[in-house]
2 protein chains.
Amino acid sequence: MPAPERTSLPQIVAAATALLEASGVEALTMQAVAAEVGVRAPSLYKRVRGRDALLALVAEGIARELGATLELAAGGAETGRRRLVALANAVREFARERPEAYSLLFARLPDAARPDPAVLAGSVAVVLRVAADAVGPERALDAARLLTAWVHGFVSMELADRFRMGDELDRAFAFGADRLADALGLE
Amino acid sequence: MPAPERTSLPQIVAAATALLEASGVEALTMQAVAAEVGVRAPSLYKRVRGRDALLALVAEGIARELGATLELAAGGAETGRRRLVALANAVREFARERPEAYSLLFARLPDAARPDPAVLAGSVAVVLRVAADAVGPERALDAARLLTAWVHGFVSMELADRFRMGDELDRAFAFGADRLADALGLE
DNA sequence: ACCTGAACACCGTTCAAGT
DNA sequence: ACCTGAACACCGTTCAAGT
């Protein structure tokens with residue numbers, strides 16, 4: 001005798017994402033997710049292999065959202081330099097608005113919790129495209145890496161509160177973006 | 001009737017650090033630490049407030065070691081530019097040799113697990129000093145932030161295995177360091 | 001076919017009881 | 001004064017039993 005489906009994978013991933021963003025990754029427990037979707041924890045294992053696999057699905061959703069946000073930001077800028085700065089600002093804004101989500105994206109996690117590399121690659125494709133447009137195809141990869149590493153480093157240190165260097169972070173970020181654009185030879 | 005002391009705080013912190021580096025932060029459990037020092041888990045609470053406080057002590061020790069490593073690296077270089085490059089390389093080597101330790105240093109943790117800010121500041125002081133020496137006092141802070149953010153971003157993405165861009169990471173790192181030195185106006 | 005309670009092996013932490 | 005077993009409130013996960 002079949003039993004009715006009381007939830008679904010998308011509903012589970014949505015509930016898990018909401019828990020993550022509201023209360024951090026340690027609040028994303030199987031029991032909390034189950035309660036959120038109106039089911040008991042063991043039932044979740046019908047839709048997802050385990051907590052790590054759920055974390056990976058959550059991370060993939062976040063990566064897609066970040067990618068879409070970056071596409072939007074890049075689309076609104078005219079010159080190559082402005083597009084790079086717009087990307088940097090968009091990443092920082094995303095991380096400040098959704099710190100737990102952003103942190104999950106770059107967290108060191110067990111292999112089972114790794115998001116699909118193809119999804120991650122898709123989200124970063126904008127950066128590579130904009131970089132190619134700004135500095136030319138043969139220097140695009142280096143430029144994208146330099147920019148990405150700096151933005152991520154700045155943002156992750158800001159989130160971890162490791163700067164402890166006063167409140168002029170906005171200015172420091174703008175300074176860094178300008179200097180990097182100079183270093184990449186953008187007009 | 002007094003009972004003999006079977007362990008000590010330094011021994012506990014050392015055991016915790018060893019567990020972290022060997023098997024990751026999730027292996028650093030109170031029970032595992034206790035077993036390592038020959039005691040039962042509840043006894044640890046005589047020396048440390050809880051697991052988070054222990055994590056903070058571990059992080060402080062690691063921060064001191066990183067600081068000492070950076071001092072050494074900076075001391076061996078002649079020009080300002082070479083000192084900055086030496087610092088960047090030293091951070092990357094430290095992170096590659098002791099990934100779990102490095103990750104803990106910049107991890108987002110509960111407040112109770114935050115290392116003493118003064119200890120962290122002491123470990124980063126080298127970077128600020130070298131930056132001041134290289135680009136002058138008024139641009140030192142910006143330069144230190146730019147360099148630190150880039151190095152940390154590069155290294156943390158390398159550790160998280162998020163680059164997925166082939167194997168030329170050494171070259172990419174050297175490229176980034178050179179470009180940043182250019183951007184900071186170093187000869 | 002899905003859902004559940006019960007169970008297992010873990011956690012961190014508290015505390016009364018031992019020495 | 002320190003150490004311990006037992007206990008409590010959690011985890012993730014498995015599985016036989018229900019419908």
Side-chain angles (χ1 to χ4, degrees), chain A residues 1-59 100 104 107-115, chain B residues 1-59 100 104 107-115:
Chain A
M1 288 294 114
E5 303 190 3
R6 298 193 196 167
T7 184
S8 66
L9 184 55
Q11 206 186 343
I12 289 168
V13 174
T17 305
L19 279 167
L20 168 75
E21 304 208 4
S23 314
V25 69
E26 79 282 358
L28 198 169
T29 70
M30 296 301 268
Q31 308 191 17
V33 171
E36 212 71 36
V37 301
V39 105
R40 298 289 186 169
S43 300
L44 298 179
Y45 292 80
K46 284 283 155 182
R47 330 256 178 200
V48 83
R49 194 181 293 273
R51 184 177 183 262
D52 282 345
L54 180 52
L55 278 176
L57 292 175
V58 169
E100 301 292 346
L104 180 68
R108 298 185 72 227
L109 293 171
D111 286 359
R114 293 270 172 95
Chain B
M1 286 295 115
E5 302 191 2
R6 298 192 196 166
T7 184
S8 65
L9 184 56
Q11 205 186 343
I12 289 167
V13 175
T17 306
L19 279 166
L20 168 76
E21 304 206 5
S23 314
V25 68
E26 80 282 359
L28 198 169
T29 70
M30 296 303 267
Q31 308 192 16
V33 172
E36 212 71 36
V37 302
V39 104
R40 298 290 186 168
S43 299
L44 297 179
Y45 292 80
K46 286 281 155 182
R47 330 255 179 202
V48 82
R49 193 182 294 274
R51 184 178 183 261
D52 282 344
L54 180 53
L55 278 176
L57 293 175
V58 170
E100 300 292 344
L104 180 67
R108 298 184 72 225
L109 294 170
D111 286 359
R114 291 271 172 94

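Atom-to-atom, NZ of B:Lys46 to P of C:dG12 comes out at 19 Å; the value is rounded to the nearest Å. Regarding B:Asp52, its CG atom lies at a distance of 16 Å from the P atom of C:dC11, rounded to whole Å. Going from atom CE of B:Met30 over to atom C1' of C:dT14 covers 12 Å, rounded to whole Å. In this structure, B:Tyr45 places its OH atom 18 Å from P of D:dA7, rounding to the nearest Å. Atom P of nucleotide D:dG18 and atom CZ of A:Arg6 are separated by 16 Å, given to the nearest angstrom.
Residues B:Met30 and B:Leu44 approach most closely at O-CD1, 3.2 Å, considering heavy atoms. When all heavy atoms of B:Ala16 and B:Val58 are compared, the closest pair comes out as CB-CG2, 3.7 Å.
At a threshold of 4.0 angstrom between heavy atoms, the contacts of A:Arg49 with the nucleic acid are absent.
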Does the salt bridge (charged side-chain N to carboxylate O under 4.0 Å, His left out) test come out yes or no for A:Arg47 and A:Glu5, once each step is laid out? CA-CA 11 Å; A:Arg47 330 256 178 200; A:Glu5 303 190 3; 3.7 Å; yes

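The shortest distance between side-chain heavy atoms of B:Leu104 and B:Leu109 falls below 4.5 Å. Contact annotation: the side chain of A:Val39 never approaches that of A:Ile12 to less than 4.5 Å [non-hydrogen atoms, C-beta and beyond]. Considering only heavy atoms from C-beta on, B:Leu9 comes within 4.5 Å of B:Leu57 through its side chain. Side-chain contact between A:Leu55 and A:Leu20: absent, with no pair of heavy atoms (C-beta onward) separated by less than 4.5 Å.
For B:Thr29, the listed nucleotide lying nearest its side chain is C:dC11; candidates were C:dC2, C:dC11, D:dC2. Taking every side-chain heavy atom of A:Glu5 into account, C:dC2 is the closest of D:dC3, C:dT13, C:dC2.
Of the residues in residues 31-43 of chain B, B:Val39, B:Arg40, B:Pro42, B:Ser43 come within less than 4.0 Å of DNA chain D through at least one heavy atom, sorted by number.
With a 3.5 Å limit on both pairing distances and Watson-Crick or G-U wobble geometry required, the stems of 3 or more pairs in DNA chain D span C:4-8 with D:12-16, C:12-16 with D:4-8.
A:Arg47 has a side-chain polar atom (N or O) that falls below the 4.0 Å cut-off from OP1 or OP2 of C:dC3.
With sequence neighbours excluded, no residue satisfies salt bridge (Lys or Arg N to Asp or Glu O under 4.0 Å) with B:Glu36.
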